[in-house]
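Written out below as structure tokens is the structure these notes cover.
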Amino acid sequence: MKKLFLSLILAAAPVLADTVATMNNDNGGIMVLTDVSCKDGSGYHMYSQSPSYRTLFGCWWSDNSMVHVTWIDGEVRSYPLSLWRVNVDVARRMRNKGNNL
């Protein structure tokens, strides 16, 4: 039964996300920026995980100094770019496609 469930999940996941950057959050968890575009064109998918396994989702975009996040509840927060651990290869690939980070 577990194999069937896992197979269904893998088959339903049409896009695999690369991690663009990560940052520790104030709750002792991690925030993850991905390279998958949000459906409404407002940026890219991201999520924030806490030690209690609660996950929040949002969309992110960046300028030259900040990463801006619109959380699913509509709240917008901005984080200094210097706080993020950037995956240089993924960021370079996004930049070559004309995307910012």
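Everything quoted here is computed from the prediction, not taken from an experiment.
Rounding to the nearest 0.5 angstrom, the gap separating the OG1 atom in Thr70 from the CG atom in Asp40 is 8.5 Å. The OG atom of Ser48 sits 8.0 Å away from atom CE of Met23, with the distance rounded to the nearest 0.5 Å. Trp84 CH2 to Leu33 CG: the interatomic distance, rounded to the nearest 0.5 Å, is 4.0 Å.
Side-chain atoms of Asn24 and Arg85, non-hydrogen and from C-beta on, do get closer than 4.5 Å to each other. Using a 4.5 Å heavy-atom cutoff, the side chains of Gln49 and Arg54 are not in contact. In this structure, the side chains of Asp18 and Met94 stay at 4.5 Å or more apart for every pair of heavy atoms. For the pair Val69/Tyr79, a side-chain contact is recorded, criterion being any heavy-atom separation below 4.5 Å from C-beta on. With contacts defined as side-chain heavy-atom distances shorter than 4.5 Å, the pair Val20/Asn87 does not qualify.
With Met46 as the partner, the side chain to side chain contact (heavy atoms under 4.5 Å, CB included) test is satisfied by one option alone out of Phe57, Trp61, Trp71: Trp71.
Under a 3.5 Å cut-off, the side chain of Asn27 and the backbone N or O of Gly29 do not form any donor-acceptor pair. Put simply, the side chain of Asn25 gets close to the backbone of Gly28: a donor and an acceptor are under 3.5 Å apart. Between the Thr34 side chain and the His45 main chain, a donor and an acceptor come within less than 3.5 Å of each other.
Ala21 and Val86 get closest at one heavy-atom pair: CB-CA, 4.0 Å. Between His68 and Ser62 the shortest heavy-atom distance is CD2-CA, 4.4 Å.
Atom CG of Asp73 has more than 12 heavy atoms from other residues, nucleotides or ligands within 6.0 Å. Heavy atoms of other residues, nucleotides or ligands lying less than 6.0 angstrom from CG of Asp26 number 12 at most.
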Exercise for the section: Apply side chain to side chain contact (heavy atoms under 4.5 Å, CB included) to the pair Ser65 and Leu81, showing each step before the final yes or no. Expected result: CA-CA 5 Å; Ser65 62; Leu81 188 57; 5.6 Å; no
